[in-house]
Structures are given as C-alpha cells and as structure tokens.
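Here the structure is a predicted model, which is why all the values come from computation and not from measurement.
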Amino acid sequence: MSRYATVLVSDAGAPFAVKDRSGEGWIDQATRAMDIATNQFAGAAQRRALIWDLQQPGRGGAYWGVMTPIARYQLPDAMPCAPEVTKELAGMRTRLNSFSESEQCRLINWGYAVCDAAMRRHVAPSRRRRRVGPARSTPLG
C-alpha cells in the first residue's frame with residue numbers, strides 16, 4: 001500500500017455473527033469463543049492500521065464500510081439514509097444466495113451513499129453530491 005498516494009477502501013463485509021452453540025461440548029465452545037475474539041480483534045486492528053496510514057503526511061484516501069454510520073462523515077448534505085435502515089443493511093446476510101430486487105437496490109444505494117460521503121469528506125470535498133442513488137425508486141431515508 002505504501003506505493004500509492006491515494007488509497008480507497010470499501011468494506012462490504014457484514015459483522016461476524018455469533019451462533020448459539022450452548023448445547024455443544026466445552027472444547028467446541030472454547031474454540032468458538034477464540035475464533036470470535038480473533039476475528040473481531042484482527043478486523044478492528046486492520047481498520048485502525050489502515051486509517052492511521054491514511055492520515056500520514058503525503059497519504060490520502062478514504063475508508064467506508066457497510067457498518068459505518070453516514071453521520072460519522074459530518075457532511076451537512078450527505079444523502080438521506082435513515083440509521084435504522086442502514087443498520088438493517090449492515091446486518092444483512094452475506095451468503096451467496098440470491099438477494100431480492102429490493103435488497104439489491106437498497107444495498108446498491110447504501111454503498112453509493114456511504115462511498116459518496118467518504119469521498120467528499122476525505123478525497124474530493126468540492127464534489128457535488130447526488131440527491132439519490134442509482135436505484136432511484138428505492139430511497140434509504
């Protein structure tokens with residue numbers, strides 16, 4: 001990453017789900033607890049390192065994720081996205097089965113809105129925002 005002056009990172013990964021496995025043996029439960037802790041720590045550490053790197057002199061770029069509240073970018077004209085809608089989208093399954101048309105449109109618009117906010121906050125502040133995402137018939141707020 002150090003070869004590039006500007007880095008753009010999109011994280012569409014859903015949060016790591018915790019499954020109830022209370023009926024399994026103690027070894028399985030301990031292994032599962034270790035997996036969860038490792039996954040959460042590794043992801044958070046990677047994000048912190050990335051953001052630190054983006055803030056260094058001579059570097060630029062932006063990080064946006066499906067779980068990032070759009071208000072965090074502090075843009076007065078961010079695309080309207082109701083927090084309860086985006087929270088639901090952040091928790092949406094990531095399995096490789098088909099999404100409904102509505103799910104697809106909402107995910108596309110949320111990705112577009114959060115990318116727009118991150119880019120205008122950290123990379124191209126003079127850019128005008130669009131009023132709606134690509135799936136015009138499916139607003140988020």
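With rounding to the nearest 0.5 Å, the separation of CZ in R72 from CZ in R121 is 12.5 Å. Note that CG of D11 and CE of M67 are 8.5 Å apart. Values are rounded to the nearest 0.5 Å.
Partners of T6 by side-chain hydrogen bond (donor to acceptor under 3.5 Å, both in side chains), not counting sequence neighbours: none found. Shown here are the side-chain hydrogen bond (donor to acceptor under 3.5 Å, both in side chains) partners of W110, two or more places apart in sequence or in another chain: there are none.
We find that D116 and R127 are not joined by a salt bridge, their nearest charged nitrogen and carboxylate oxygen being 4.0 Å or further apart.
Here the side chains of Y73 and R120 are not in contact, with every heavy-atom distance at 4.5 Å or above. Under the 4.5 Å side-chain criterion, counting only non-hydrogen atoms from C-beta, P139 is not in contact with N109. Using a 4.5 Å cut-off on side-chain heavy atoms (C-beta onward), M92 and L107 make contact. Residues L89 and L140 are in side-chain contact: their nearest non-hydrogen atoms beyond the backbone lie under 4.5 Å apart. In this structure, L8 and M119 have side chains that are in contact, with non-hydrogen atoms separated by less than 4.5 Å.
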Please determine whether side chain to side chain contact (heavy atoms under 4.5 Å, CB included) holds for the pair V114 and V66, giving the CA-CA distance in whole Å, both sets of side-chain angles, and the decisive distance to 0.1 Å.
CA-CA 8 Å; V114 74; V66 69; over 6 Å; no
Please determine whether side chain to side chain contact (heavy atoms under 4.5 Å, CB included) holds for the pair Y63 and H122, giving the CA-CA distance in whole Å, both sets of side-chain angles, and the decisive distance to 0.1 Å.
CA-CA 9 Å; Y63 165 89; H122 299 293; over 6 Å; no
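Counting non-hydrogen atoms of neighbouring residues, nucleotides and ligands closer than 6.0 angstrom, the CD atom of E103 exceeds 12 such neighbours.
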